[in-house]
Amino acid sequence: MDPALNPFKPGSGLRPPALEGRTRQRQEFDLLVARSKNRNYDRGMILSGLRGVGKTTLLNNLSEHAERQGWLTIGLEARPNESGVSAVRAKLGAELAAGLRRFSRKHQMQKALDHLISLARGFTLGVGLGPAKVELSLDRGAASGDIDIDLEELVEAISAAMKKKGTAFGLFIDEMQDLDSDLLGALLSVQHRASQREWPFFVIGAGLPNLPSVLADNRSYAERQFAYSTIGPLTPADAAEALEIPVNQHGGSFTPDALALLVEASGGYPYFLQEYGKAVWNVAATAVFDEDDAHLAVEEGRRALDEGFFPSRWNRPSDRERRYMRAIALAADDAPRSGVVAAAMGVTTTGVSDVRDSLIRKGLIWSPEHGRIAFTVPGMSDFIRRQPTD
Ligand SMILES: Nc1ncnc2c1ncn2[C@@H]1O[C@H](COP(=O)(O)OP(=O)(O)OP(=O)(O)O)[C@@H](O)[C@H]1O
Ligand SMILES: [Mg+2]
């Protein structure tokens with residue numbers, strides 16, 4: 001088929017041609033938005049799951065829905081080891097100021113929202129900028145420099161304006177496990193206060209499987225504060241639709257065997273579905289994709305994964321981290337005990353706990369249960385086993 005028309009999109013947060021298998025989360029969010037119009041406020045949402053399962057895609061989809069429904073939406077992507085609270089503060093303040101400006105233009109509310117934009121700018125400059133604070137000082141006072149107070153003041157002011165308008169303020173945070181812990185703590189307390197005081201403010205977060213425990217470690221009430229949802233691979237039926245719908249839309253089709261083979265090879269894993277979908281489209285000579293095409297596509301898709309997806313996770317870690325990753329890959333279990341991994345390296349568990357922690361922070365491995373460790377992407381072990389030893 002013509003590669004120029006290929007609808008499949010392996011990548012990060014790229015909108016897939018068919019977003020399948022997320023009905024429950026989308027309905028739950030629809031309800032949150034619908035109820036907010038009647039000033040009935042539910043809890044925010046946390047989406048957690050492994051790499052490449054479609055968290056960013058879903059988060060963007062929810063945020064677009066909220067925006068279409070008239071919400072003020074702000075997006076933020078946290079990064080590991082971000083340089084301190086003032087940097088993330090600045091980023092949040094800048095996003096807020098820009099989001100408010102967009103919102104005020106769209107809804108022709110310039111006058112009503114101007115003071116909020118200045119307040120957001122003041123939040124950006126809140127830390128240690130003495131005179132700048134004074135200049136920006138407004139009716140509500142300048143940023144205090146205390147992130148909890150400043151954030152609460154800002155969210156309260158924005159929420160009040162949104163409530164008056166019968167809408168809400170959604171903060172959509174991706175890679176939330178990497179958020180600076182001071183800012184995270186401040187956000188959790190503000191969200192907590194918001195629900196007690198019926199402010200229309202909602203944090204919608206996405207992140208790795210350790211995100212719920214990162215939140216619970218930061219604030220004990222975080223467990224009750226959000227509706228939690230695990231984002232996993234698609235069921236075979238949804239995976240089949242993710243491949244079939246875009247192909248049908250372009251006048252093509254799959255033979256049942258071809259479709260079954262690709263669904264099976266992908267394990268329902270969204271990133272792999274896009275990669276195999278792209279490959280089968282490119283190899284198919286006619287508009288009916290048959291089993292031969294599917295076999296070729298699996299080969300081609302694996303090659304693409306081996307050249308991009310896996311190496312980006314294998315080449316960045318340090319030598320020591322890679323030795324640890326190889327020990328996991330060589331273990332008999334998919335999620336071996338950390339003690340077994342350490343023993344295979346000839347060291348004690350504590351001797352490699354720093355490596356384990358840094359790999360978790362980088363999002364390359366996670367702990368599916370206490371004392372066990374596993375890769376955050378399927379197929380990583382096989383890939384590592386195919387790599388020459390250094
Ligand atoms: N529900 C879905 N159906 C089909 N394809 C999907 C779905 N969700 C996401 N995808 C596709 O899967 C790929 C990965 O999606 P995305 O970047 O959202 O994953 P992620 O969980 O955010 O990954 P990471 O943890 O690496 O940030 C993208 O190519 C996207 O188009
Ligand atoms: Mg993502």
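Indexing begins at 1, ligand by ligand and atom by atom, following the structure's order.
Annotation: atom 20 (P) of ligand 1 to nearest protein heavy atom, Lys55 N, 3.4 Å. Protein heavy atom in closest approach to atom 28 (C) of ligand 1: Gly11 O, 3.1 Å. In this structure, atom 23 (O) of ligand 1 lies nearest to the protein heavy atom Gly52 N, 2.8 Å. Among all non-hydrogen protein atoms, the one lying nearest atom 10 (N) of ligand 1 is Pro270 CB, 3.6 Å. The protein heavy atom nearest to atom 31 (O) of ligand 1 is Leu14 O, 2.5 Å. With hydrogens left out, the protein atom closest to atom 18 (O) of ligand 1 is Thr57 OG1, 2.5 Å, a heavy atom.
Partners of His250 under the ring pair (Phe, Tyr, Trp, His ring centres under 6.0 Å) rule, at least two apart in sequence or in another chain, are Trp281.
In summary, Asp306 and Arg303 do not engage in a salt bridge, as defined by a charged side-chain N under 4.0 Å from a carboxylate O. Here Arg361 does not pair with Glu175 in a salt bridge; the nearest charged N to carboxylate O distance is not below 4.0 Å. Here Glu28 pairs with Arg24 in a salt bridge; the nearest charged N to carboxylate O distance falls below 4.0 Å. A salt bridge links Lys362 to Glu321: at least one charged side-chain nitrogen sits closer than 4.0 Å to a carboxylate oxygen.
Cation-pi check for Arg313 over Phe309 is met; the charged atom lies under 6.0 angstrom from the ring centroid and within 45 degrees of its normal. For Arg193 and Trp199, the positive end is not near the middle of the six-membered ring at less than 6.0 Å and at most 45° from its axis.
Contact atoms of ligand 1 toward Leu234: 3 (N) (distance under 4.0 Å to a heavy atom of the residue). For ligand 1, the atoms lying closer than 4.0 Å to a non-hydrogen atom of Thr56 are 18 (O), 20 (P), 22 (O), 27 (O). Near Leu50, the atoms of ligand 1 lying under 4.0 angstrom from a non-hydrogen atom of the residue are 21 (O). Short contacts between ligand 1 and Glu175, defined as distances under 4.0 Å to a heavy atom of the residue, involve ligand atoms 27 (O). Of all atoms in ligand 1, listed by their number and element, those nearer than 4.0 Å to a heavy atom of Ala18 are 3 (N), 4 (C). Listed by number with element, the atoms of ligand 1 under 4.0 angstrom from any heavy atom of Leu19 are 1 (N), 2 (C), 7 (C), 8 (N). Here is the list of ligand 1 atoms found below 4.0 Å of a heavy atom in Gly13: 16 (P), 17 (O), 18 (O).
For Lys278 against Asn6, the heavy-atom pair with the smallest separation is O-ND2, 3.0 Å.
Of the candidates Glu241, Glu77, Arg51, Lys9, it is Arg51 that places a heavy atom closest to atom 26 (O) of ligand 1. With Gln274, Glu20, Lys278 as candidates, the residue nearest to atom 3 (N) of ligand 1 on a non-hydrogen basis is Glu20. Proximity annotation for atom 19 (O) of ligand 1: of Gly54, Ser12, Pro17, Ala206, Gly54 comes nearest, heavy atoms only.
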Tell me, with the steps shown, if Ser213 and Asn210 meet side chain to side chain donor-acceptor pair (under 3.5 Å). CA-CA 6 Å; Ser213 61; Asn210 67 338; 5.7 Å; no

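Residue-to-ligand polar distances keep Ala242 apart from ligand 1: every N/O pair is separated by 3.5 Å or more. For Val53, a nitrogen or oxygen atom sits less than 3.5 Å from a nitrogen or oxygen atom of ligand 1, counting backbone and side chain alike.
Under the 4.5 Å side-chain criterion, counting only non-hydrogen atoms from C-beta, Gln110 is in contact with Arg105.
Here the CG atom belonging to Leu62 is positioned 8.0 Å from the CZ atom belonging to Arg26, to the nearest 0.5 angstrom. For the atom pair Gln191 CD and Phe202 CZ, the distance stands at 7.5 Å (nearest 0.5 Å).
Taking 2.8 Å as the criterion, Thr56 counts as a coordinating residue of the Mg ion (ligand 2), since one of its N, O or S atoms falls below it.
Residue Pro10 touches ligand 1 through its backbone alone, judged by heavy-atom distances below 4.0 Å.
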